[in-house]
Asker: 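My questions will all concern the structure given below.
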Amino acid sequence: MSTKFIIYDIIHAMENLEIAEIFETIADMLEIKGENVFKIRSYRNAAASIEGLPVTLKSIVEKNPKELLDIPGIGKGIGEKIEELVTKGKCTYFNELKKETPAGLLDMLGISGLGPKKVALIYKEAGIDSVAKLEKAVDDKKLSKLPGFAAKSEEKLIKAIADYKKLKATAGRFRLSMAKGVVEDIKDYLSELKEVKNIDHAGSLRRWKETIGDLDILVSCKSMNDSEKVMDYFVNYNGVKDISLKGDTKTTVVLKNNMQVDLRVVEEKSFGAAMQYFTGSKEHNVVFREMAKKKGLKVNEYGVFDSKDNQIAGKTEEEVYKAVGVKWMTPELRENRGELNGKNAKLPSLIEMAHIKGDLHMHTTASDGANTIMEMAESAMKLGYEYIAITDHSKAVGVAHGLDEKRLLKHIKDIDAVNEELKKKKFRILKGAEVDILSDGSLDYDKKTLEKLDIVVAAVHSNFNMKEEDMTERITKALSTGLVNILAHPTGRLINQREPYAVHMEKVMDCAAKYNVAMEVNSYPERLDLKDTHCMMAQDRGLKISIASDSHSKAGLPNIEYGIHVARRGWVTKDSVLNALSVDELFKWLT
DNA sequence: GCCGTTTTCGGCCCGACTGTTTTCAGTCG
């Protein structure tokens, strides 16, 4: 092996998410150091910008490093650091900072109530540089000697350290579907109070982010005199474990499942402004408020105010946007990806539930589903669909009672029979299968059997032992047979367990484009792994996107809602969605 | 460190809650 190859192997090509994380860490270290706050913000902006990027930084650097400067939030300094990270696999500035900042200090920042100033103080005055040492110091009552740390601070720290450890075990974020269930329950509970006029949830859940950090709920009352009553009632919700803080307008609790919930109470004339404010994203709001400022206006959670501090908008979100000269936009778009003032300020017309004509991934009792072919079809008709595809597991997934050739052939006949029955209702069931790409390098069935199917969904099932390069290779091999119509969960990973590698996704998408394979946005609550950025990557390549429920019961069909919203976050339009096609158009695409 | 329809310097979003203060800094979202 030549030296060149050895070096390439050692230097692991830096991925977008890793680079974003390095900039976040740099920002944390600069905060502890007490650096200029705007410099710190620049690093955080750059990190956020990189996270939402639909292309790899590696591909930009390879093409032309100067194009890095076109990315919002990235200038000369950070651009150079990205180039160094991509080509050399390291960042000198980052390494220098690391030398002067003990790693444990960064962990300590994760403890609620401890910010950079206090961490720096504890480190300087008491030499504490890890969560473990901090825990011991609190136990030994050593912290109370420090300025600003009285008895109450220590008491709070003990709790905060315990919470930190628990939250770390759950990686700090929760699945969208779980968060949705919890928030609806709390909203039901709060609406029983007659003082509550309006109630809705905001935050990343309203933006339908794939994972949720905490819940934000907003309530409006006729008079702020009622707010205390609302807060008292809220903290008595039976899921509440701890009350973190409680005031007239803002209360924060931690639920028994360690989820944090913020409740805000505002007057009715401010409800829209508060919804806008707390829906975010933070980056979207910063740009929005800057735009307002340029027009001599001020935006906060109570409304839009003119130079004389008169409120000119605030009751509804629409009027808040309008007052600043922006058309209201759906929360999924509010990520500062150019939706406010970018070159493409013309917003896309996004896919909607009403556009969906069918669902191309579901299971029946033949493998691990709970309902029959007919039951699934009837439920789909109730949703107004024209067609579905039955795609039971192949024999590769033994635990799911996957079908071998013989059982698949019988399954096909069964589907034919149901199709015959539903003919007069003009409903069509496509004969399909979900094959597993990683199993043995084949597509689980021979070519003759696969050609009897209308549609083949190829899935990459979780395999934590397989190297990313090997996964890419197997996917490429499978797609190049020309027998696959849809590629499902190409990362093979479940959310929160491991992030997919951007380079892997880029190669897979290029391959899918070459063989005209659609990418699936999977709505199964445990998955949702084709993320917003992946949808953008797919659309950039002209790929069709299949938004599927992957339901294992008739009750699971409406879960497609989650996939639709994730696709909307990725600016997916109706034209890109495979299952927005009519049944005739779909068959035309398949052949 | 980034940015520009007040442009190459001088800005950079806004407010609630807490604890320990004696009027506010730190943290958080």
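Note that the structure is predicted; figures quoted are calculated from it, not measured. Heavy-atom basis, side chains included; hydrogens, waters and symmetry copies ignored. Order of the sequence lines sets the chain letters (A, B, ...), proteins ahead of strands, with each chain counted from 1.
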Asker: Any protein N or O atoms within reach of nucleotides 20-22 of chain B? Criterion: under 3.5 Å, listing atom names and distances.
Answerer:
residue	atom	partner	partner atom	Å
B:dT20	OP1	A:A150	N	2.8
B:dT20	OP1	A:S153	OG	3.0

Asker: Distance alone, cut at 3.5 Å: any donor-acceptor contact between the side chains of A:S270 and A:E301?
Answerer: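 Distance-only check fails for A:S270 and A:E301.
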Asker: Does A:S523 use its side chain to pair, donor to acceptor, with the backbone of A:G563 at less than 3.5 Å?
Answerer: yes
Asker: Is there a Watson-Crick or G-U wobble partner for B:dT8 with both distances under 3.5 Å, and if so, which one is it?
Answerer: none
Asker: In whole angstrom, give me the gap between the C1' atoms of B:dC13 and B:dG29.
Answerer: 12 Å
Asker: Working to the nearest 0.5 angstrom, can you tell me the gap between A:M537 CE and A:E506 CD?
Answerer: 5.0 Å
Asker: Rounded to whole angstrom, note down the C1' distance from B:dT20 over to B:dG26.
Answerer: 11 Å
Asker: In Å, rounded to the nearest 0.5 Å, how long is the span from CD1 of A:I111 to CD of A:E135?
Answerer: 8.5 Å
Asker: Summarise protein proximity over nucleotides 24-29 of chain B in one line of letters, 5' to 3': B for base, S for sugar-phosphate only, - for none, counting protein heavy atoms closer than 4.0 Å.
Answerer: --SSSB
Asker: If we count only N and O atoms by modelled type, under 3.5 Å, do the side chains of A:N336 and A:K282 hold a donor and an acceptor together?
Answerer: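 Checked: A:N336/A:K282 side chains show no N/O donor-acceptor pair below 3.5 Å.
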Asker: Students often get this wrong, so: under 4.0 angstrom with heavy atoms, is A:D248 touching a base, only sugar-phosphate, or nothing?
Answerer: sugar-phosphate
Asker: With a non-hydrogen cut-off below 4.0 angstrom, is A:V299 in contact with a base, only sugar-phosphate, or nothing?
Answerer: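 The answer is sugar-phosphate, as A:V299 gets under 4.0 Å only of primed atoms, P, OP1 or OP2.
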Asker: Are A:Y302 and A:Y277, when compared by the centres of their aromatic rings, separated by less than 6.0 Å?
Answerer: no
Asker: Given the side-chain rings of A:F94 and A:F23, with only the six-membered ring counted for Trp, is the space between their centroids under 6.0 Å?
Answerer: no
Asker: Could you give the distance from CD (A:E267) to OG1 (A:T249), rounded to the nearest 0.5 Å?
Answerer: 11.0 Å
Asker: Scan nucleotides 1-3 of chain B against the protein and return all N/O pairs shorter than 3.5 Å with their distances rounded to 0.1 Å.
Answerer:
residue	atom	partner	partner atom	Å
B:dG1	N3	A:S42	OG	2.7
B:dC2	OP1	A:G75	N	2.7
B:dC2	OP1	A:G75	O	3.3
B:dC2	OP1	A:I78	N	3.0
B:dC2	OP2	A:G77	N	3.2
B:dC3	OP1	A:G73	N	2.7

Asker: Measuring only the P atom in each nucleotide, how far is B:dT5 from B:dG1? A whole number of Å is fine.
Answerer: 23 Å
Asker: Where does B:dT6 land, syn or anti, given syn is within 90° of 0?
Answerer: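 That one's anti.
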Asker: Taking only the P atom of each, what is the distance from B:dC12 to B:dT8 in whole angstrom?
Answerer: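 Nearest-Å result for B:dC12 against B:dT8 at atom P: 16 Å.
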Asker: With sequence neighbours excluded, tell me which residues meet side chain to side chain contact (heavy atoms under 4.5 Å, CB included) with A:M536.
Answerer: A:P54, A:R337, A:W571
Asker: Measure CZ/A:F305 against C1'/B:dC14 and give the value in whole Å, please.
Answerer: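 Atom-to-atom, A:F305 to B:dC14, this comes out as 12 Å.
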Asker: Is a donor on one side and an acceptor on the other found under 3.5 Å between the side chain of A:N236 and the backbone of A:D232?
Answerer: yes
Asker: Under 3.5 Å, which protein N or O atoms sit close to an N or O of nucleotides 6-9 of chain B? Give each pair with its distance.
Answerer:
none

Asker: Please state how far atom CG in A:D70 lies from atom P in B:dG4, giving the value in whole angstrom units.
Answerer: 12 Å
Asker: Got a sec: does the NZ of A:K117 have more than 12 other heavy atoms crowding it under 6.0 Å?
Answerer: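 Result for NZ/A:K117: open.
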Asker: Any chance you could measure A:E561, atom CD, to A:W208, atom CH2, to the nearest 0.5 Å?
Answerer: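 Nearest 0.5 Å value for the CD-CH2 distance: 4.0 Å.
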Asker: Determine the interatomic distance between P on B:dA16 and the same-named atom on B:dT21; round to the nearest Å.
Answerer: 24 Å
Asker: A:A27: what forms a side chain to side chain contact (heavy atoms under 4.5 Å, CB included) with it, not counting sequence neighbours?
Answerer: A:I40, A:Y43, A:R44
Asker: Treating A:E84 as the side-chain partner and A:T92 as the backbone partner, does any N or O pair qualify as donor plus acceptor under 3.5 Å?
Answerer: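 Yes; at least one donor-acceptor contact below 3.5 Å.
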Asker: To the closest 0.5 Å, what do you measure between CG (A:D248) and OG (A:S227)?
Answerer: 4.5 Å
Asker: Counting only side-chain N and O atoms of A:R289, is one of them less than 4.0 Å from OP1 or OP2 of B:dC12?
Answerer: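 False: A:R289 side-chain N/O out of range (4.0 Å or more) of B:dC12 OP1/OP2.
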Asker: Mind checking if A:Y302 touches a base, just sugar-phosphate, or nothing, with heavy atoms under 4.0 Å?
Answerer: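 Contact class for A:Y302: sugar-phosphate only.
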Asker: Using atom C1' of each nucleotide, how far apart are B:dG4 and B:dC14 to the nearest Å?
Answerer: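 Per the computed distance, 23 Å lies between those C1' atoms.
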Asker: B:dT18 P sits how many Å from A:K159 NZ, rounded?
Answerer: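 Taking NZ of A:K159 and P of B:dT18, I get 13 Å after rounding.
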Asker: Which whole number of Å gives the distance between the C1' atom of B:dT7 and that of B:dC2?
Answerer: 13 Å
Asker: Assuming nearest nucleotide by heavy-atom distance, tell me which of A:K246 and A:K298 is located more 5' along DNA chain B.
Answerer: A:K298
Asker: Would you please confirm or rule out a distance under 4.0 Å between OP1 or OP2 of B:dG15 and any side-chain N or O of A:N300?
Answerer: yes
Asker: Report the distance from atom CG of A:L245 to atom P of B:dG19, rounded to the nearest whole Å.
Answerer: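 Taking CG of A:L245 and P of B:dG19, I get 9 Å after rounding.
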